[in-house]
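Keep in mind that what you see is a predicted model, and the values were worked out from it rather than measured. We name chains A, B, ... by the order of the sequence lines, and we start the count at 1 in each one.
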2 protein chains.
Amino acid sequence: MTVTIRDVARASGVHVSTVSRTFSAPHLVNAETRTRVLAVADDLGYRPNRAARALTTGKTHNLGLIVADIANPFFSSLIKAAQAQARLRDYHVFVADTDEDPQVEEELIQAFAKQVDGVLLCSPRLTNKTIERLGEEVPLVVVNRRVKGMPTVLMDVGRGAGLALEHLVALGHRRIALVTGPSGSWTSKEMQTAAATSEADVVFLGPNPPTALGGLSAVTDVLASGATGVLAYNDLVAIGLMEGLAERGTEVPRDLSVIGVDDIVTGRLGSPRLTTIAMPTAAAGRMAVDLLLHSVDAEGAPGVTTLETSLVVRESTGEARR
Amino acid sequence: MTVTIRDVARASGVHVSTVSRTFSAPHLVNAETRTRVLAVADDLGYRPNRAARALTTGKTHNLGLIVADIANPFFSSLIKAAQAQARLRDYHVFVADTDEDPQVEEELIQAFAKQVDGVLLCSPRLTNKTIERLGEEVPLVVVNRRVKGMPTVLMDVGRGAGLALEHLVALGHRRIALVTGPSGSWTSKEMQTAAATSEADVVFLGPNPPTALGGLSAVTDVLASGATGVLAYNDLVAIGLMEGLAERGTEVPRDLSVIGVDDIVTGRLGSPRLTTIAMPTAAAGRMAVDLLLHSVDAEGAPGVTTLETSLVVRESTGEARR
DNA sequence: TTGAAAGCGCTAACAT
DNA sequence: ATGTTAGCGCTTTCAA
């Protein structure tokens, strides 16, 4: 039923290898023959079987991309950039969502192996050890996680958190709550490290799911902490937090200052507009693809790229209430 | 370098077929042999090559899922449900984003063909004709589009739009703006059809990109239309619209009532909370997977499932200003 | 420029 | 229960 290279060969009176060449190395075949083969192929509705091709060439021209939550705008921005960059290089990107579950993450990497030429691991929840092991089955590039001997793209969120904390301190905040993210998160750890050097008195609240719901459920703790400023794990958490605060009659930034991380578009809408640490997601996506494509054919020393973050001050931060 | 079934066979002193069975039909092989083979395989770091396996079995145990915009919560909700359902059936889902570009959409379907057992096309931008043609290369299930002879999941947005319009009319609105979506969109067309039977005077404004930005840029037209009520293509558009309205000092719902479509979580946050038509995205995702899996092995009459929508009244709609 | 033949890694009858 | 053999659809030497 499915038409193969052999059918085309028979119908056009040439050998299979000629048909093969017509598709994978057209310049090696006589113009006339090529036209004829192409015509017959089109007529028969022939389509090269990419999986079979990959079996011999070892190249699928596909990339896998794994994220913890496809619904998080932070990831979708990265995904879009990665796709665009891959497209430029004649590659396709297949995305999979782990739903924050490390086991699913591992399973997906296995599923991707041999079906793609490499996979991008974004903010993985797996342990470094597991990642290293999986790296032997399929080329990996890791985003926002430091893994020994593996090509890596980092966003300097530690620096950003430092800036955010300084901003809060400058506004007179002395007690600050850090609403942390999932336990496996490198980003979360970086933020905690940055907090340790702050002049302010920082209390850690977490771990929390990295979602609006996570923020919403942290409201009570934040209120109880006595903090006048909050640095949230990400914008989603910050937005959920502000929503909960509004329900309790706590006004932002009058009663409490809130800072998020990521600079997702939702934070720029509504009121108050969110002060946040902007993450270079698009650049990271492009970078990761290039690193991966490079590591696929060139076997050199794995690169570590660190991208800068920046503080975007909007309306959710203000003078500490005294 | 990459360890194959043959290496394992040699190292464990059995034939390749025994090794094959150990992995694909363990019950057919002696317990002792199995343990030994497994041990050797583990030792050598052997991993079955899923692509090669697919070549002989014809089954990859992967599903493709194509959406226009991965960043749209409407799609991510559907994707999550589809993934969960597929997981139940021992399948993996690979997602790809077309960026609203029909040509990319076609390319991606081609890329998926032979690497997955079927693909879910969500709110496609391709023409029916093209979809039908591609359906011959790989099993397809279409969501929110009626394609002849193809398994389909529909969400009854026409009905929902009717309800929304009635709600507006009941509040005294006589002139209503319908902010339409992309031109290839079936949903958009359904809404227009529903609008045609409304008692109110409905003006069509569009096409618009189905994003917050699209809504933002429609503000001027909406204001100029003289409408007192708006039905937007989706929640994202509605949110962008409300943002733009706020900037111009137009208050919702006092000066203008706004209704969206999808019931994304962002619409439930902030103020005013969005009145919207809830779409059964999760059910659609599950349904689509089951239809696809069914059409993969059973060749029956393609089913068309229509899912109900409902109107969720929140704070963005109110009495028409007189 | 084209053909012949081997093989990518695996599975699936069919034998034994 | 295990081995033999053929072959999935394609690419790629090597010869002609």
**Student:** Pick base, sugar-phosphate or nothing for B:V14, based on heavy-atom distances below 4.0 Å to the nucleic acid.
**Tutor:**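 Sugar-phosphate contact only.
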
**Student:** Could you report the tightest heavy-atom contact between B:A96 and A:V93, atom names first, then the distance?
**Tutor:**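 In terms of heavy atoms, the two residues are closest at CB-O, 4.1 Å.
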
**Student:** Picking from D:dA1, D:dC8, D:dC10, which would you name as closest to the side chain of B:N30?
**Tutor:** D:dA1

**Student:** Among C:dG7, C:dC10, D:dC8, find the nucleotide with the atom closest to the side chain of A:R6.
**Tutor:** D:dC8

**Student:** Please give, in whole Å, the distance from C:dT11 C1' to B:I5 CD1?
**Tutor:**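 Rounded to whole Å, this separation is 8 Å.
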
**Student:** Rounding to an integer number of Å, can you tell me how far B:N49 CG sits from C:dC8 P?
**Tutor:** 12 Å

**Student:** Determine the minimum heavy-atom distance between B:A41 and B:F23, stating which atoms define it.
**Tutor:** CB-CZ, 3.8 Å

**Student:** C:dT11 P sits how many Å from B:H61 NE2, rounded?
**Tutor:**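 Distance check: B:H61 NE2 to C:dT11 P gives 12 Å.
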
**Student:** What contact category does B:F23 fall into here, base, sugar-phosphate, or nothing, at under 4.0 angstrom with non-hydrogen atoms?
**Tutor:**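 The answer is nothing, as B:F23 stays clear of every strand by at least 4.0 Å.
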
**Student:** Does C:dT2 have its OP1 or OP2 closer than 4.0 Å to a side-chain nitrogen or oxygen of A:H15?
**Tutor:** no

**Student:** Choose from C:dC10, D:dA1, D:dC8 the nucleotide whose nearest atom is closest to any side-chain atom of B:T33.
**Tutor:** D:dA1

**Student:** Using five base pairs at each end to define the local axes, how bent is the helix from C:dT1-D:dA16 to C:dT16-D:dA1, to the nearest 10°?
**Tutor:**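 About 30° separates the two local helix axes.
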
**Student:** When you compare the side chains of B:Q83 and A:D99, does any donor N or O come within less than 3.5 Å of an acceptor on the partner?
**Tutor:** no

**Student:** Thinking salt bridges, do B:E105 and B:R125 make one under a 4.0 Å N-O criterion?
**Tutor:** no

**Student:** Measure across A:P151 and A:L291 and return the closest heavy-atom pair with its distance rounded to 0.1 Å.
**Tutor:**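 Closest approach of A:P151 to A:L291, heavy atoms only: CB-CD1, 4.3 Å.
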
**Student:** For D:dT11, take OP1 and OP2 only and decide whether either is under 4.0 Å from a side-chain N or O of A:S20.
**Tutor:**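 Affirmative; the distance criterion is met.
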
**Student:** Quick one: which of D:dT2, C:dT11, D:dC14 gets closest to the side chain of B:R21?
**Tutor:** D:dT2

**Student:** Tell me what B:T57 touches on the nucleic acid: a base, only sugar-phosphate, or nothing, going by heavy atoms under 4.0 Å.
**Tutor:** sugar-phosphate

**Student:** From the list D:dT4, C:dC10, D:dG9, which nucleotide is the closest neighbour of the side chain of A:L55?
**Tutor:**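 It is D:dG9.
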
**Student:** Choosing from C:dA4, D:dC10, C:dC10, which nucleotide comes nearest the side chain of A:S17?
**Tutor:** C:dA4

**Student:** Could you state the atom-to-atom distance from CG of B:L28 to C1' of C:dT11 in whole Å?
**Tutor:**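 Atom-to-atom, B:L28 to C:dT11, this comes out as 12 Å.
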
**Student:** By the definition side chain to side chain contact (heavy atoms under 4.5 Å, CB included), identify the one residue from A:L121, A:L154, A:T187, A:N128 that meets it with A:R145.
**Tutor:**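 Only one option passes, and that is A:N128.
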
**Student:** Just call it for A:R47: base, sugar-phosphate, or nothing, with non-hydrogen atoms closer than 4.0 Å on any strand.
**Tutor:**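 Sugar-phosphate, no base atom in range.
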
**Student:** Verify the contact: side-chain N or O of A:T56 to OP1 or OP2 of C:dG7, cut-off strictly under 4.0 Å; return yes or no.
**Tutor:** no

**Student:** Please lay out, stage by stage, how B:R133 and B:E106 fare under the test salt bridge (charged side-chain N to carboxylate O under 4.0 Å, His left out).
**Tutor:** CA-CA 10 Å; B:R133 178 167 52 71; B:E106 179 167 0; 3.0 Å; yes

